[in-house]
Amino acid sequence: MVLAYGVLGLLAAIAVAACSAAVSVPEGPFPIAVRAGEPLAARVGPEALPARLVDQDVSASLALLRAGSDPEGAAARRWDLTQRWITRLLAAQEARRRGISITREEVERALRTGEGLPRPLREYYRLLRERHGVAREDLLIRVQLDLYLFKLRDQLVEEVRSSLREEDVWGFYRSHRAVFRRPEQIYVWLIAVRDRDLARRIAKRARAGEEFAALAEQYSVHPSRAKKGEFGWLGRGGSAFEPLFELSPGEVSDPIPYQGFWLVVKVTARRPAGVWRFEDVKQDVERVVIADRVRERQAQLDRELRARTRVEVFVPQPKVGTSVP
């Protein structure tokens, strides 16, 4: 579900401060407006959640999933989306308590240009606006929440990174070595042309001793031409390039058809399958460790926020066993 974009992991950005329940929540630049007589889906601390915001997502998600009009499925979806809105509101409130600020100009610019929003969210908001007639004021509320969440996430990344120890990263790598296995690889240079006969002539000239880099500069239409044909390491696994793994360093391939082109490839080195060295994947391991710590903390932090904030839910809870479409 697009609504959940950015929520996974973002709650882990919340610092649970003692006595924060007693701290007033600063207001955002676009407070949620409740229209006269309008029903509520929930009340989260000082903020009311109008049912219209949840219902907009119910309609959009059911349309995207083509789930039809199953009443029980729609009720389960409404409950699930209400809980997600509560999660987002709690996190945004905590962001404001921590001094994170969002200006009206930022929110309006993000809605107008998509700045600061990932593509799935931009597409979802376009869908809400164009197909479901969601008002601009409601879109501004959503964008505002997203910006709070992303800034909160940025804080978390810095906090976790600053507390991360070398032994934490090494320990994860050591206990998950299978994750960091690499296939057999060859180091390749390539020339891409559209004409098969030209590719044959190029291969023949390269085998006769002409400099491969010069041929690439002259004939190749591949972006690697800027590096004189140097492509880099290629891992085993694609059937189109399987013949290349029969070549020894220094050998040139026959022309290979690939996506409308003919490739002439020279192999200059190879290395067997194995496990990436820690030094080669350290940054990747760090990202995985940070993501794991975020996931581990998320559920606990959500519970703590709900425990210290008065949350009232007015949407009926579906029967046990009712599935979300």
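Both L140 and Y148 belong to a common hydrophobic cluster when Ile, Leu, Val, Met, Phe, Trp and Tyr are linked at side-chain heavy-atom distances under 4.5 angstrom. Under a hydrophobic-cluster definition in which Ile, Leu, Val, Met, Phe, Trp and Tyr are linked whenever side-chain heavy atoms come within less than 4.5 Å, directly or via other members, L190 and L215 are assigned to different clusters. Linking ILVMFWY residues whenever their side-chain heavy atoms come closer than 4.5 Å, directly or via other members, leaves V221 and L198 in distinct clusters. At a threshold of 4.5 Å between side-chain heavy atoms, the hydrophobic network of Ile, Leu, Val, Met, Phe, Trp and Tyr places V315 and L40 in two separate groups. V265 and Y219 are members of different hydrophobic clusters when ILVMFWY side chains are connected at heavy-atom separations under 4.5 Å.
The distance from the CZ atom of R96 to the CD atom of E27 is 7.5 Å, given to the nearest 0.5 Å. To the nearest 0.5 angstrom, R182 atom CZ is 5.0 Å from R271 atom CZ. Here T82 contributes atom OG1 and L49 contributes atom CG; the two are 6.5 Å apart, rounded to the nearest 0.5 Å. Annotation: the span from I256 atom CD1 to E242 atom CD amounts to 10.5 Å, rounded to 0.5 Å. Going from atom CZ of R43 over to atom CD of E312 covers 6.5 Å, rounded to the nearest 0.5 Å. Atom CZ in R194 sits 13.0 Å away from atom CH2 in W262 (nearest 0.5 Å).
Between R306 and D302 there is a salt bridge, with a side-chain nitrogen of the basic residue lying less than 4.0 Å from a carboxylate oxygen of the acidic one. Using a 4.0 Å cut-off between a side-chain N of Lys or Arg and a carboxylate O of Asp or Glu, K151 and E94 do not qualify as a salt bridge.
Considering all non-hydrogen atoms of both residues, E115 and A110 come closest at O-CB, 3.2 Å. Here the shortest heavy-atom pairing between K227 and W189 reads O-CZ3, 4.0 Å. The shortest heavy-atom contact between S163 and D168 is O-OD2, 4.5 Å. Annotation for P318 and A76: closest pair CG-CA, 3.9 Å, computed over non-hydrogen atoms. Between Q317 and W79, the shortest heavy-atom distance links the atoms CA-CE3, 3.5 Å.
No side-chain donor-acceptor contact under 3.5 Å links R78 to the backbone of P316. Not one N or O on the side chain of D138 forms a donor-acceptor pair closer than 3.5 Å with the backbone of A135. A donor-acceptor pair under 3.5 Å links the side-chain atoms of R207 to the main chain of S253, judged by distance alone. Without hydrogens or angle criteria, R142 side chain to L53 main chain gives a donor-acceptor distance under 3.5 Å. Here the side chain of Q93 pairs a donor or acceptor atom with the backbone of V44 at under 3.5 angstrom. Side chain of R104 to backbone of P29: a donor-acceptor contact under 3.5 angstrom is found. When atom types are taken as modelled, the side chain of S220 and the backbone of E217 share no donor-acceptor pair closer than 3.5 angstrom. For S59 (side chain) and Q56 (main-chain N/O), no donor-acceptor pair under 3.5 Å exists by modelled atom type. At distances below 3.5 Å, not a single donor-acceptor pair connects side-chain atoms of R196 with backbone N or O atoms of P257.
Residues S224 and H222 have side chains that bring a donor and an acceptor to within less than 3.5 angstrom of each other. Between the side chains of D284 and W276, not a single donor N or O lies within less than 3.5 Å of an accepting N or O.
By the 30° and 60° cut-offs, the orientation of the rings of Y187 relative to W233 is perpendicular. In this pair, F180 and F172 present their aromatic rings perpendicular. The plane angle is above 60°, beyond the 30 to 60° band.
Screening K282, R277, Q283 against D280 for a side chain to side chain donor-acceptor pair (under 3.5 Å) leaves a single residue, R277.
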